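What you see is a predicted model, and the numbers here were worked out from it, not measured in a lab. Hydrogens, waters and symmetry mates play no part in the numbers below; they use all other heavy atoms, side chains included.
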Amino acid sequence: MTNWTIKGASPLGGPARDLYVREGRIAEAPAPDATVIDAAGLIALPGLVDLHTHLREPGREDAETVLSGSRAAAAGGFTAVHAMANTDPVADTAGVVEQVWRLGREAGYCDVQPVGAVTVGIAGERLAELGAMAESAARVRIFSDDGHCVSDAALMRRALEYVKAFGGVVAQHAQEPRLTEGAQMNEGELSDVLGLRGWPAVAEEAIIARDVLLAAHTGSRLHVCHLSTAGSVEIVRWAKSKGYPVTAEVTPHHLLLTEDLVRGYDPVYKVNPPLRSKDDVEAVRAGLADGAIDVVATDHAPHPVEAKDCEWAVAAMGMLGLETALSVVQQTMVATGLLDWAGVADRMSVRAARIGQLEEHGRPLEVGEPANLTLLDPAAARVIEPASLHSRSRNTPFAGLELPGAVHATLLRGTATVLDGKVVDR
Amino acid sequence: MSAGPRRHLLSTADLSAEDAMLILDTAAEFARLADRPIKKLPTLRGRTVVNLFYEDSTRTRISFETAAKRLSADVINFSAKGSSVSKGESLKDTALTLEAMGADAVVVRHWASGGAHRLAHAGWIRSAVVNAGDGTHEHPTQALLDAYTLRARLGGLEGRRVTVVGDVLHSRVARSNVRLLATLGAEVTLVAPPTLMPFGVEGWPCSSSYALDPVLPKSDAVMMLRVQRERMDQAFFPTEREYSRRYGMHADRMAQLPEHAVVMHPGPMNRGLEISAEVADSARSTVTEQVANGVSVRMAVLYLLLGGSEPAIGTEDEGERR
């Protein structure tokens with residue numbers, strides 16, 4: 001294992017100092033054989049943690065694999081990702097979650113923590129064996145039918161109650177199904193101009209409102225996935241003010257992009273929940289800044305070319321996110337003065353690790369802690385080129401955009417997964 | 001292939017008043033041809049027009065086919081049913097095929113909103129694209145033939161009051177008409193039950209009303225939209241009878257119209273639902289004129305896009321998008 005001396009980095013954007021890594025942990029003094037990383041001008045953050053990643057394996061290895069997706073994660077500065085359950089087969093048994101977990105360990109680019117499905121086959125009818133997944137080698141703590149909403153109120157209540165037995169959390173994809181049948185984009189003036197069926201904000205907000213009340217009633221942990229509207233921020237803020245056990249995430253694309261991009265009918269901008277209005281973008285930024293929204297989660301959703309190279313209505317929903325998330329947060333939150341780098345560390349690592357109950361991640365950059373860290377060059381700028389991404393897919397909505405910041409290095413328990421801005425082959 | 005920039009007709013929102021008047025005036029020239037024993041012009045000889053229909057629409061396809069043939073173009077009818085991803089060939093592969101065959105213009109009817117836009121701008125083909133109806137988005141040549149009919153019947157469009165009644169929410173005809181008629185100076189009022197009124201209609205260049213009767217005496221033309229019976233099952237309105245009572249055009253309502261006012265319908269009609277047989281067959285009805293005018297207007301569109309050394313109307317291609 002390589003030991004490191006990281007010279008002159010700014011931990012969380014603070015005063016520059018040297019960081020020493022010995023045998024996978026942050027150390028008091030440099031190892032005699034340490035390799036030096038010149039980190040002058042670089043910001044050191046705890047390794048980023050993504051609560052919401054679609055790695056597509058098993059089943060859609062044409063779009064992404066655990067290996068390609070975790071390389072993309074490392075390139076984006078992540079040391080841990082939560083692999084969503086809507087694979088084929090669905091991650092609704094101990095066998096599937098252990099398979100994904102094992103593939104992640106074999107790949108070795110970041111910790112791949114599987115999310116278990118709430119219901120069998122994410123069909124929203126019967127609870128999956130949540131206990132078996134919790135007790136498996138994958139140690140599942142987050143359960144989600146993401147892609148589908150657990151819309152049945154009684155089933156949602158039971159899921160919230162049931163996971164209390166092993167300290168689990170239910171992560172809800174908030175989408176009232178009847179209000180969003182055939183929905184193609186945000187409902188508003190533009191959807192009717194373009195003739196695309198609307199996905200109204202109320203369909204998200206109604207479910208979140210119901211679920212925060214269920215969380216209060218059951219005393220169980222609710223996490224709200226990819227919240228996207230101003231009204232949703234208000235509801236979560238209210239729930240937190242009441243002390244309800246609720247957390248929420250926002251995606252990078254909902255922090256930066258608006259529904260106006262749909263005008264050209266290019267399906268690279270098709271995503272669920274859809275891109276919203278400028279007012280919504282401002283509200284989710286404000287919510288992330290004041291802590292009403294706990295974390296940024298990518299909802300990295302790879303799709304093969306043909307799933308996007310078609311008519312809007314038949315295109316798949318979803319966008320890549322892992323390799324651009326930190327840059328988007330720098331642009332939307334840091335450059336705007338809404339968050340400092342300590343705030344970025346909190347929203348992209350500390351709180352995410354806490355929600356996911358990952359003990360080795362989201363830790364302070366202090367002696368004795370696991371050396372999971374990310375070095376960011378905040379002065380760099382790059383134009384996003386789909387062809388240069390590490391994901392197997394190319395469906396980034398940021399293609400051609402110039403974004404600030406570049407990940408210089410990522411360390412996973414002291415092992416470099418990214419060095420000099422390049423993913424290290426393992 | 002024309003030497004100038006590629007042009008398309010995708011939305012009436014892209015047409016300036018000058019462009020639209022040029023189309024209507026050109027159509028009027030072609031309409032005179034229809035009275036001659038030999039109806040054919042050699043204008044588009046050697047050009048290939050493909051009718052690419054992803055949705056059944058015999059009347060629109062025949063109208064475009066007749067228009068193209070009267071201009072001596074070669075016409076290929078390509079009917080592609082079903083979803084492009086779940087079964088059969090993708091829109092992209094079909095487009096590449098048409099490109100390889102040397103199509104000069106593709107007239108496309110697609111069930112997906114934005115289908116024509118995608119075909120024109122995804123970088124798959126170089127031919128001109130004419131939108132013959134895309135999902136619930138637009139149907140520009142229908143609006144043009146409606147404007148042509150209105151101008152002929154009312155002697156002009158500026159300041160004329162046009163009331164559009166029915167399922168505006170799902171109507172590509174209504175969308176194209178609102179934009180075109182506003183451009184040409186007409187005053188449009190949309191009438192629909194609140195469930196079938198578009199979400200942001202306040203931002204549209206027209207006024208709106210939930211009640212039909214107060215609008216009738218102030219209408220120079222009333223355009224009845226076809227109502228899909230399946231909307232009833234989706235709870236947009238309670239019953240056909242209630243819809244017909246509140247929003248249907250029948251003899252009593254026709255009597256409230258000014259003497260000169262006309263009743264239009266893009267067809268096919270649901271007699272007894274949005275329009276009674278008495279109205280449909282009356283002298284005020286322009287339904288068959290609309291069909292005849294459709295051929296002249298579509299001739300004008302094809303001629304202006306393909307006829308000269310440079311296209312005379314339409315939006316410029318945005319070029320390669322990726």
(request) Please tell me if the side chains of A:Val193 and B:Glu138 come closer than 4.5 Å, counting only heavy atoms from C-beta onward. (result) no

(message) Are the side chains of A:Val314 and B:Trp111 in contact, using a 4.5 Å heavy-atom criterion?
(response)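 When only atoms from C-beta onward are counted, A:Val314 and B:Trp111 do touch, with a gap below 4.5 Å.
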
Atom of [X], atom of [Y] and distance for their closest heavy-atom approach:
X: A:Lys308; Y: B:Arg118; result: O-NH2, 3.3 Å
X: B:Gly203; Y: A:Glu189; result: CA-OE2, 3.5 Å
X: A:Leu196; Y: B:Thr136; result: N-OG1, 4.5 Å

(message) Angle between ring planes, B:His137 versus A:Tyr265, binned at 30° and 60°: parallel, tilted or perpendicular?
(response) perpendicular

(message) Is B:Arg172 close to chain A through its backbone or its side chain, or both, or neither, when contacts mean heavy atoms under 4.5 Å?
(response)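 Interface part for B:Arg172: neither.
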
(request) Mark yes or no for whether B:Arg175, through its side chain, and A:Asp192, through its backbone, hold a donor-acceptor pair below 3.5 Å. (result)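 Yes.
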
(request) Quick one: pull up CZ in A:Arg197 and NE2 in B:His170 and give me the separation to the nearest 0.5 Å. (result)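 It comes to 5.5 Å.
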
(request) State the CZ-CG distance between B:Phe199 and A:Leu190, to the nearest 0.5 angstrom. (result) 12.0 Å

